[in-house]
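What follows is a short report on a single structure.
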Amino acid sequence: MKNLKRLPIGRSDFKSIIEDNMYYIDKSMLIKEIIESGDVILITRPRRFGKTLNMSMMKNFFRNDQDNKHLFEGLKIWEEKEIIEKYLNKYPVIYLTFKDAKANNIELLKRIIMEEITKIYILNEKIIEKLYKPEKEIYNKIMFKKADETEYMNSLKNLSEYLYRYYKQKVILLIDEYDTQIQQSYLNGYYNEFINFMGNILGNALKDNEYLEKGVLTGITRVAKESIFTGVNNLDVSTIVGKLFNDKFGLTWEEVEETLKYYGLEYEKEKVIEWYNGYNFGGKEIYNPYSIINLARNKGEIKYYWINSSGNELIKQLIRQSTAEVKTKIEELIEGKTIESSIDENLVYGDLDKSTEESIWTLFLFTGYLTWVEHVGEEGEPRYSLRITNKETLQFFKKTVMDIIKESKIHYESILMELIHENYEEFKIAFKRIVERTISYFDVSGEEPERFYHGLILGMVVGLSKKYIVKSNREAGYGRADVILIPKEKKEPGIIFEFKKHYIKEGNLKNSAEKGIKQIEEKGYEEEIKSYGIEKIIKVAIAFDKKNVEIIVK
């Protein structure tokens, strides 16, 4: 029996994988494609699809402070003689990874980012000899962690200039998992402040930097366009709906088949397709590499690998905040159906605040939980049919997602039952508590601020469909009621909800709520409920001014 190569479980350092003769699936032609692409390249792929390993490969290929020919001999890129001669170990490289940049407060996260930059400065300490005195002073301040935030703002751009001056060669800038810390800032409520800090550091290095040969950034999403990529010239973006680099992250079937054959697991072919296939990267069928490698390590044991490897906090948060329509579509997806949605490749975190369907499905797609089946929009319209990716991701929906939906349904239903049972004060307290907890994630100052409250009420009533007919923004009487609940049992009360944005001219919030009750009564919103033979009707007016809410129940 032959001695099989060890699998690189938990390893993302290209050099150690090659030097330790571990099993490696050759993705070296990515280097050629990178060279032939724009000056600044952003690549977004789901987690654990080989982003860090590919960035490590590029670092070892370009860096001019090492002789790494032995790492690439025998790989596909070695056949590209012109590229080898011109690029292999010819460039100064700035390599940063933010995959571990996580903190629940902004000051700590900033310190983590500055620590990473300090490490790069220390690694390049020898270039100080080419600096002018003022430059040396700032360089030393960064090395000894005495620099202020302003001095870090231009630290990467300045370092690229210093390296150019020293080596007489432009710089390759590689930034791995650029969006990890940005997502952290969003989840922990300090995004707006943090994006300015991070935008200055990265934006200054990427925009009009005459010392930059090539900038490559990887991440899961492109949800940080503002302050970072705005104004970047010659930007190439590779997402999972585009063809650029579509076979360089994740595994093609040929690569999976080769791996299974090497480890004697060809008999698992059908199960592997069912469980780990389904990713569509620019029209290319792709398999999850993390799951395939773990499958080989565990001698073909089919189980959930990828879905148990991350907390998925942003996904969970968006599901909790989503509308009844989104929750219904999730249930349809679990049943094996497809849905259609526009996909916004330029999605930003500010869009997530609105928790629109488009932003939710875009994030599900970019993070790998959904896959796109086909483009269904008109030419140029980014509209796709979507489905759950495979059996492994189906488990995530069945367990994690449905648990969240059930949890929210039970919680929301209990609040609504307070209203039905005429415990009005308890309802008011509970409703205000929900608003306090979720309002920071929603934009209620736009053109339609009522949408947040409308969605919140619909989320509460989605579990009452067996007991109530739910009508939303339907004609009723002489106007349009926001939400009407018509009980199927005549002994139960009907409910009318009206939402009112508060305006200063109306005085206080209570006046706005009273205006809502008056509108219900004057416009005859009760008539539709009465037509069903319902006698008891509860009228609810919810007036709001951002986090402040006034509720009148009559």
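What you see below is based on every heavy atom in this structure, not just the backbone, and it leaves out hydrogens, waters and symmetry mates.
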Once salt bridge (Lys or Arg N to Asp or Glu O under 4.0 Å) is applied, do any residues pair with Glu177, and if so which ones, sequence neighbours excluded? Lys51
Residues forming a salt bridge (Lys or Arg N to Asp or Glu O under 4.0 Å) with Lys126, sequence neighbours excluded: none
Could you check whether any side-chain heavy atom of Ile343 comes within less than 4.5 Å of a side-chain heavy atom of Glu358, counting everything from C-beta outward? no
We want to know whether Asn294 and Ser291 form a side-chain donor-acceptor pair, criterion being a heavy-atom distance below 3.5 angstrom. no
Pairs satisfying side-chain hydrogen bond (donor to acceptor under 3.5 Å, both in side chains), at least one member in residues 81-110, at least two apart: Thr97-Asp176, Lys110-Glu149
Qualifying salt bridge (charged side-chain N to carboxylate O under 4.0 Å, His left out) pairs, either residue in residues 294-304, two or more places apart: none
Result of checking Phe396, Tyr369, Tyr276, Trp275 against Trp306 for ring pair (Phe, Tyr, Trp, His ring centres under 6.0 Å): Tyr369
Of all residues at least two apart in sequence or in a different chain, which pass the side-chain hydrogen bond (donor to acceptor under 3.5 Å, both in side chains) check with Glu80? none
Cation-pi check, Arg6 to Tyr23: give yes when NZ or CZ is under 6.0 Å from the six-membered ring centre and within 45° of the ring axis, no otherwise. no
Between the main-chain N or O of Tyr121 and the side-chain N or O of Tyr139, is there a donor-acceptor pair closer than 3.5 Å? yes
For residues 23-35, which residue pairs pass the salt bridge (charged side-chain N to carboxylate O under 4.0 Å, His left out) check, not counting sequence neighbours? Lys27-Glu255, Lys32-Glu36, Glu33-Lys248
Can you name the residues that form a side-chain hydrogen bond (donor to acceptor under 3.5 Å, both in side chains) with Thr180, not counting sequence neighbours? none
For Lys69, the salt bridge (Lys or Arg N to Asp or Glu O under 4.0 Å) test, sequence neighbours excluded, returns Asp67
Kindly state each residue pair satisfying salt bridge (charged side-chain N to carboxylate O under 4.0 Å, His left out) with at least one member in residues 370-385, sequence neighbours excluded. Glu340-Arg383
Between Gln169 and Asn64, is there a side-chain donor-acceptor contact under 3.5 Å, judged purely by atom types and distance? no
In the structure I gave you, are the side-chain heavy atoms of Met22 and Leu7 within less than 4.5 Å of one another anywhere? no
Under the side-chain hydrogen bond (donor to acceptor under 3.5 Å, both in side chains) rule, collect the residues that match up with Glu213, sequence neighbours excluded. none
Sorted by chain and residue number, the salt bridge (Lys or Arg N to Asp or Glu O under 4.0 Å) partners of Glu125 (sequence neighbours excluded) come out as none
Salt bridge (charged side-chain N to carboxylate O under 4.0 Å, His left out): which pairs involve residues 271-283, sequence neighbours left out? Glu274-Lys391
Which atom of Tyr287 lies closest to which atom of Phe49, heavy atoms considered: O-CE2, 3.8 Å
